[in-house]
Every structure is written in C-alpha cells, then in structure tokens.
Amino acid sequence: MDFFADLQARGLVHQATDPKLGEWLAAKPRTVYAGFDPTADSLHVGSLLGLIVLRRYQKAGHRPIAVVGGATGMIGDPSGKSAERKLLDKETLERNVDGLARQMRRFLDFDPAVTHNGQGPALVANNHDWTGGWSYLEFLRDIGKNFPVNVMLGKDSVKSRLGGDAGMSYTEFSYMLLQAYDFVYLAEEYGCELQAGGSDQWGNITAGIDLARRMHSRQVYGMTWPLLTKSDGTKMGKTESGAIWLDADRTSPYEFFQYWVNTDDADVGGCLRMLTELSHEEIASLDAARSENASARESQKRLAEELTRLVHGDAGLATAQQATEIFFGAEIDGLDDRTLGQIFADVPAGEMPKSQLAGEGLAIVDALVAAGLAKSKGDARRTVEQGGAYVNNRRVDGLDRTLTAADLASESVIVLRSGRKKYALLRMV
RNA sequence: GGUGGGUUACCGAAGCGGUCAAACGGGUCUGACUGUAAAUCAGAUGGCUAUGCCUUCGCAGGUUCGAAUCCUGCACCCACCA
C-alpha cells in the first residue's frame, strides 16, 4: 500500500483537489504545508491531527512545513466559526508562535543533519514574516485584484456567516486572501505544492490554488482531513473543564492519558486509525478484540499509550501509567515527595503543621476539611460515615480514625481521597 | 399611577402560628452494580465544641410564651386596570 492509499485507508483524506494526488506524491518527494492557529501558547488535541498528518508525510519522505499564523492569527479565520473572533495582540501572538514551534519538535524532525530524500528537515514558518511587510495598497493591487468577490461570497465560510445573525467584518472576510497568499509564497520560496488542512479549510486551500494559478500560472494541490468529532457530535479534545492541551503544564500526562482511555467504543477505532502509527493489521486485530470483548478496552488503552508516548515521551507515559495505577486503587506507601508530586500534579493540596500528627494524631474529619475535600466538618463526617473517605487509598472505617506519622505516604505528604476519584494531598509542613 | 399576586435552601416548588433545618422534584455528593461507560438501585445534602445548641425562608422593624407562617414599612418581580 503506498503512502496516499494508507492515508485514505486511515480515513485521513476527506477531499483532494486532484484524483491523482496519490500518484503525484509517489512520483517524488514533495513539500507539504499545514497551518496552525496561534490562539494559545500551546497546541491542543484539536491541532493534533494536523501534526500527525504532517508527521506521516515526513515519514513517507516528504518535507513538511508547519505554518504558524502569526499574521493570520491577527485576523481570525472565520471558517467553522459562528461569531467574530476577538483579535490577539502582537506580543501574545509572538509568544504563542514560539510556544507552538517548540512543541512541534515532538512530532516533526527539524534536525538539519537528517535529510529526507534530499528534501531537508521540517520547517516551521511564521506567515507574519512575509505578510507583515505588505502595505495596504500593495496588497490590494497585487493580491486583492486576483479575487473575484462573487467567488469569495460563494465560500461556505462566508455564506454561513452572512446567512446567520452574527454577520462578518471586512477583516474576517479578507482572511482567505492572506491564507491564499501563504500558499503562493511557500510555493515560490520553498517549492511547496501541497496544502493540507482540516475539512473546514477547503475554501481557504482552494483560494490559494486559484491564486497560484492566477499569479504564476502554477499548479498546486490541496487535500483535507476530516474534522475529528465524536460519535455524539461533540468536538474531540474538549472536556467540561476545557481543552486537552499538549503541554504537560497545562494538561498533565496523566490527564492526557486518561482522556484517551475514556474514548467511546464508537470513536476509538477511528482514533487508532487516524492518530496512531499502528499498522493496519494491528488496528484490525484491536477492532476484532473490541467486538469480541469490549469491556477489556484494549483499544482505548493502546490508543492512550501510543498518543501519550508521542506527546509526552516514554517518561511521560511512565508517569501517566504509574498515576493510573494509583488513581485506580493501588495503596500508596513508601513513595517520595517528588514522585508523589508528579503523579498528583493535578490534585489540589492543603497544608497542616506536622506537629498535628503527634500524640493522638489529626482527626480524619479535620484532615478532609484542611485538604479541601469537604466544605465543612459536617460534610466530612458524612463522607466518612458513608464509607467514602480514604487515606492513601485505604478506606477509613470510622470517625475515630486519626492520622499519625505512620500515615505519611512520603516524607511529608498524606494522600486523601473522597469517593471514587476525588483526590487531595495534605502536606505536613 | 391604581388593584391584585409573588419573593422559601444549589435550582424549581410545597408550607400559611407550635410536631419546620423546612415536604416533593431536579441537581450534587457517597455507596452498590459496572467496562475508569451508560442505565439502575440505596443513602446523604445549613453549621457546630452535637441526643443539645446556633444561623437560614427578599430587607428592616413589630405582635406573640412561640413566626417561613400574623402586622407595618422598604426593595425587587409578575398580572390586570389607567
């Protein structure tokens, strides 16, 4: 199976501008680009698919360019959005662009020593570098002239907004010109002849292809991948508490791992195909195992493993797995503060003077309140009475339970838990 | 501006002088079950130095041995009439 057929088999090709794209790619190494929005200083699961697609291209011998939209981010892409986006200031954008570029190293190979079929390493480019210098008049004359308004009005991203109540500003309307020019610039400068993007980017991609033809009579290509959505129609990568980030400081490896472990049965097959680098045989055998015995949830575990390793490395995966073991019942003992701190990175903590552990010890009820697991002593008492309180993952059997130095799970920390999975640390200082 | 109705715990909603920390439903929490799922079932759901005490029923006063419940004033909301 050649590279493009593999992409198709994985469900990663939604639309392509040319039915022969596969042959074109197989003919020789190409340069391909995809854009990323610098709306935050970290990438999140929503942009994961794009990175993975570029990564696949690189592994297949092509050269990927990741374009971070330092310029377009100032405007705001209207595609797939129902309302005008608020604009980011330049400083924020620059910081975000740097943050994104750093994270991309996990996915793409930027090492100049490693060349892929003579194509060189991956590149990160900031479109502000080539767009920032335009004057308005120059832009209108050289670029704007090539865009018939009736064609622009026909784009879905524009039509849907004009049809709704939200309307659209001239600024957003102009967005597609900038992205179209990106493609033209990259084609001229880097020989980049293929743009890939999410299916909502189709309009912008074809705008770039048209512009390349008009300006330079040059044929370039585009393809889109499907948007990653869950079977219930909601967006992938979002939880009640917000987006799942690729930055370990924003979303811990454990939380990231857990997000994928909890993937619905209906979604996990597609995720394995699109997001992991497992072979079709492996995926097929996971599919078979799942329909045989869904409750083993092998697919979810494998998905979580693969993606956590990709995003957070082997060490991150190890932490996530250790944390998983602990969060799902293993008793906690004999750990050190540092390890415990990593495992419970997301967990809130309370403090108490160490002297409380001496003599009679610290009443369990007070400990629960101090750690923030109960909002009053009465609340804490109820939790204990109902059998919902745990010290280091061991159930507390009565209100007379007190905590002493023997309950320390590490040098200075006691792990408290209320219910199935609500944890808090109590630091004895 | 006039008349009538309302304002109750996280939300909705009963209560109309003592037995009201306040029915009921939702939510939330805990437990059982389970696939770290969904559904279901059970219990809990103001605070405390706790068989008792304290604070809550729009706000401020008053009547009464005793008020969420009665009276007065104020604020906000709804309906009808101007």
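So that the names make sense, note that chain A is the first sequence line, chain B the second, and so on, each numbered from 1. Here the structure is a predicted model, which means the values were calculated and not measured. For the numbers below, each heavy atom of this structure counts, side chains included, while hydrogens, waters and symmetry mates do not.
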Check your understanding: Which part of the nucleic acid does Arg297(A) contact within heavy-atom distance under 4.0 Å: base, sugar-phosphate only, or nothing?
Key -> base

**Study point:** Derivation and outcome, ring-ring contact (aromatic ring centres under 6.0 Å, His included), residues Phe344(A) and Tyr254(A)
**Key:** CA-CA 9 Å; Phe344(A) 291 95; Tyr254(A) 166 74; 8.6 Å; no

Point to revise | Nearest-Å distance for atom pair NZ/P, residues Lys301(A) and rU36(B) | key: 7 Å

Study note, to complete from the structure: As its Watson-Crick or G-U partner within any shown strand, both distances under 3.5 Å, rC65(B) has rG18(B)

Exercise for review: Go ahead and name the base partner of rU3(B); Watson-Crick or wobble counts if both distances stay under 3.5 Å, otherwise write none.
Suggested key: rA79(B)

**Study point:** Spacing between Asp379(A) atom CG and rC10(B) atom P, to the nearest angstrom
**Key:** 13 Å

Exercise for review: Report yes if a side-chain nitrogen or oxygen of Ser295(A) is closer than 4.0 Å to either non-bridging phosphate oxygen (OP1 or OP2) of rA37(B); otherwise report no.
Suggested key: no

Review point. Within this structure, what is the CZ-to-P distance between Phe328(A) and rG35(B), rounded to whole angstrom?
Key: 14 Å

Point to revise | C1' spacing across the pair rG17(B) / rC65(B), given as an integer number of angstrom | key: 12 Å

Point to revise | Euclidean distance for P, rC76(B) against rG46(B) (whole angstrom) | key: 32 Å

Practice item. Take Met428(A) and Glu351(A), measure what side-chain contact (heavy atoms from CB on, under 4.5 Å) needs, and give me the verdict at the end. Key: CA-CA 6 Å; Met428(A) 309 308 292; Glu351(A) 289 193 352; over 6 Å; no

**Study point:** Qualifying residue for side chain to side chain contact (heavy atoms under 4.5 Å, CB included) with Leu335(A), from Ile326(A), Asn392(A), Val415(A), Val413(A)
**Key:** Ile326(A)

**Study point:** Gap in Å between the two P atoms, one belonging to rC10(B) and one to rG58(B), rounded
**Key:** 13 Å

**Study point:** Rounded distance (Å) that lies between atom P of rA37(B) and atom CD of Gln258(A)
**Key:** 10 Å

Practice item. Let me know, please, whether Ala296(A) or Arg417(A) comes out on the 5' side of the other along RNA chain B by nearest nucleotide. Key: Arg417(A)

Check your understanding: Tell me: CG of Asn262(A) to C1' of rA38(B), nearest whole Å?
Key -> 13 Å

Check your understanding: Which whole number of Å gives the distance between the P atom of rA38(B) and that of rU30(B)?
Key -> 14 Å

Exercise for review: Return yes if the base of rG31(B) and the side-chain atoms of Gln386(A) contain a donor-acceptor N/O pair under 3.5 Å, otherwise no.
Suggested key: no

**Study point:** Phosphate OP1/OP2 of rG31(B) contacted by Tyr390(A) side-chain N/O (<4.0 Å)
**Key:** yes

Practice item. Looking at every strand, decide which applies to Tyr259(A) at a 4.0 Å heavy-atom threshold: base, sugar-phosphate, or nothing. Key: nothing

Exercise for review: Taking only the side-chain heavy atoms of Lys421(A) (C-beta and beyond), determine which of rU30(B), rG47(B), rU36(B) contains the nearest atom.
Suggested key: rU36(B)

Review point. Atom CZ of Arg420(A) to atom C1' of rC33(B): distance rounded to whole Å?
Key: 11 Å

Exercise for review: Please state the C1' separation for the pair rG1(B) and rC20(B) - nearest whole angstrom.
Suggested key: 40 Å

Exercise for review: Could you tell me which nucleotide pairs with rC59(B) by Watson-Crick or G-U wobble geometry, both distances under 3.5 Å, or answer none if nothing does?
Suggested key: rG73(B)

**Study point:** P atoms of rC77(B) and rG15(B), separation to the nearest Å
**Key:** 25 Å

Practice item. Name the nucleic acid region contacted by Asp265(A), choosing base, sugar-phosphate or nothing; use a 4.0 angstrom heavy-atom cut-off, strictly under. Key: base

Check your understanding: Residues in ring-ring contact (aromatic ring centres under 6.0 Å, His included) with Tyr390(A), at least two apart?
Key -> none

Review point. Can you name the residues that form a ring-ring contact (aromatic ring centres under 6.0 Å, His included) with Phe3(A), not counting sequence neighbours?
Key: Tyr57(A), His62(A)

Check your understanding: Are a donor atom and an acceptor atom from the side chains of Tyr259(A) and Glu255(A) found within less than 3.5 Å of each other?
Key -> no

Exercise for review: With C1' as the reference atom in both, quote the distance from rA68(B) to rA21(B) in angstrom, rounded to an integer.
Suggested key: 11 Å

Exercise for review: Report the distance from atom CG of Asp264(A) to atom P of rA38(B), rounded to the nearest whole Å.
Suggested key: 9 Å

Check your understanding: Which residue, Lys377(A) or Gln300(A), contacts RNA chain B at a nucleotide closer to its 5' end, judged by nearest heavy atom?
Key -> Gln300(A)

Check your understanding: How far, in whole Å, is rA37(B) from rC33(B) if one measures between their P atoms?
Key -> 13 Å

**Study point:** Complementary nucleotide of rC10(B), counting Watson-Crick and G-U pairs under 3.5 Å
**Key:** rG26(B)

**Study point:** Pairing nucleotide - rU51(B), Watson-Crick or G-U, each distance under 3.5 Å
**Key:** none

Exercise for review: Write down the distance between CZ (Arg302(A)) and C1' (rG35(B)), rounded to a whole number of angstrom.
Suggested key: 19 Å

Study note, to complete from the structure: Among the nucleotides rU30(B), rU34(B), rG47(B), whichever has the atom closest to the side chain of Lys422(A) is rU30(B)

Exercise for review: Ignoring backbone atoms, establish whether Thr383(A) has a side-chain N or O less than 4.0 Å from OP1 or OP2 of rU30(B).
Suggested key: no

Practice item. Inspect the contact between Asp111(A) and Arg105(A) and indicate whether a charged nitrogen and a carboxylate oxygen are less than 4.0 angstrom apart. Key: no

Check your understanding: Does OP1 or OP2 of rU30(B) have a side-chain N or O of Ser418(A) closer than 4.0 Å?
Key -> yes

